[in-house]
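Here's the structure, in structure tokens; my notes come after.
Each chain gets a letter, A, B and so on, in the order its sequence line appears, and its residues count up from 1.
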Number of protein chains: 2
Amino acid sequence: MSMAMSMVTRKITTTKIDFMNKSEVKVIGILERVGGFASAQELYQLLQRNGESIGLTTVYRSLQSLVSDKIVDQLRREDGEAIYRLCGDSHHHHLVCKQCGSTVEIEGSAIERWTKAMAEEHGFREVGHTAEIFGICPKC
Amino acid sequence: MSMAMSMVTRKITTTKIDFMNKSEVKVIGILERVGGFASAQELYQLLQRNGESIGLTTVYRSLQSLVSDKIVDQLRREDGEAIYRLCGDSHHHHLVCKQCGSTVEIEGSAIERWTKAMAEEHGFREVGHTAEIFGICPKC
DNA sequence: TGCGAAAATGAAAATCATTTTCATTTCTGA
DNA sequence: TCAGAAATGAAAATGATTTTCATTTTCGCA
Ligand SMILES: [Zn+2]
Ligand SMILES: [Zn+2]
Ligand SMILES: [Zn+2]
Ligand SMILES: [Zn+2]
């Protein structure tokens, strides 16, 4: 559907290696710096602050393309806004303070196993998950 | 509407009914008829077709209220639209098909323990959590 | 090197779910 | 009965995302 995608599809006939266009490289660059999830709007603002010349439309288009090429993961915040991150960033979860908003990244090997087990038990494939813990931190 | 009546009769055994207004009862009635997830817009249209007099704003307001009372579950479709469904009383999580939207309620004792352990480890109190699994179901 | 086609870009408009505003109606309890 | 509170919904506002479309850039090839 997207131009970038059809281009990739066509050129991939022999190898998986292909180039991305300028905008996609910029988006990947900022995602790298962010190191985790960010929304399209946030990425756009970060790029602006970094002095990059790129339009919001193009940020959205690049993200779409990167997602459909499996280079970027797309999830949803609780309010429905889409958030993106580079595939391969280490997977983790969050412990968030309801009061002050401070966040702790936590490892979730237990939850990873639980997810896998539940999915298998019900015959689901291509499984992903979300898990966040909310509470009140020691300081609050 | 007979559907709503049966609902009222059933819910009277709980304390929840005492805090529900007319619109919330209507919304619960249509959710019962739907029997699964539906968006606010869809519920509104169904209510209209059923000849119910209720505004879209009120549907949204009722859903918000029911969600915060833990009577209704709120999830997100892949496109970010919120979807709702009547929820069992006990705490549970969901296994949702990305393709057809079918859902399975799952027990999460493992994840409950994980949550508690993580919270304790970091000194958090008054802890709650969210956890959903997304994948493709056997039928799809 | 130059040209025409294809791809990329982004500003502005459109879309669409959701929220807010606010005036009106309905309910409640003394 | 009546004043204040709660509920309602139409219309406007919001905000993310998509679409449109005119312009610019890149690419393939002679
Ligand atoms: Zn705190
Ligand atoms: Zn995980
Ligand atoms: Zn399915
Ligand atoms: Zn749980």
If I take atom CD in residue A/Glu24 and atom C1' in nucleotide C/dA8, what distance separates them, rounded to the nearest angstrom? 10 Å
Take the protein atom CG of B/Asp79 and the nucleotide atom P of D/dT19, then report the distance between them rounded to whole Å. 12 Å
Taken to the nearest whole Å, CD/B/Gln45 to P/C/dC16 is 12 Å
Interatomic distance, B/Gln74 CD vs C/dT19 C1' [rounded to whole Å]: 13 Å
Nearest-angstrom distance from the residue atom CZ of B/Arg77 to P of D/dA16: 21 Å
Within the 4.0 Å heavy-atom criterion, would you say B/Glu81 contacts the bases, only the backbone, or no part of the nucleic acid? sugar-phosphate
Can you measure A/Leu56 atom CG to D/dT17 atom P for me and round it to whole angstrom units? 9 Å
Checking B/Asp73 now: which residues fulfil salt bridge (Lys or Arg N to Asp or Glu O under 4.0 Å) with it, not counting sequence neighbours? none
Residues passing the ring pair (Phe, Tyr, Trp, His ring centres under 6.0 Å) test with A/His94, sequence neighbours excluded, are A/His92
Salt-bridge contact B/Glu132-A/Arg76 (side-chain N to carboxylate O under 4.0 Å): no
Within residues 58-65 of chain B: residues closer than 4.0 Å to DNA chain C (heavy atoms): B/Tyr60, B/Gln64
Any pair counted as ring pair (Phe, Tyr, Trp, His ring centres under 6.0 Å), so long as it reaches residues 106-126 of chain B, sequence neighbours left out: A/His93-B/Trp114
Gap between atoms CD and C1', on A/Gln41 and D/dT18 respectively (whole Å): 12 Å
Taking atom OG1 of A/Thr115 and atom CZ of B/Phe134, what is their separation to the nearest 0.5 Å? 11.0 Å
D/dT8, OP1 or OP2 - any side-chain N/O from B/Lys22 closer than 4.0 Å? no
Is B/Ser23 close enough to D/dT8 that one of its side-chain N or O atoms is under 4.0 Å from OP1 or OP2 there? yes
So, using side-chain hydrogen bond (donor to acceptor under 3.5 Å, both in side chains) as the criterion, who are the partners of B/Ser65 when residues are at least two apart? B/Glu24
Under 3.5 Å, which donor-acceptor pairs do the side chains of residues 46-53 of chain A form with other protein atoms, sequence neighbours left out?
unit_1: A/Gln48; atom_1: NE2; unit_2: A/Ile54; atom_2: O; d: 3.0
unit_1: A/Arg49; atom_1: NH2; unit_2: A/Gln45; atom_2: OE1; d: 3.4

With a cut-off of less than 4.0 Å, is there a side-chain N or O of B/Asn21 near OP1 or OP2 of C/dC27? no
Figure out the OH/C1' separation between A/Tyr44 and D/dT17, and round it to whole Å. 14 Å
Have a look at B/Ser39 and say if it touches a base, only the backbone sugar-phosphate, or nothing, with a 4.0 Å heavy-atom cut-off. nothing
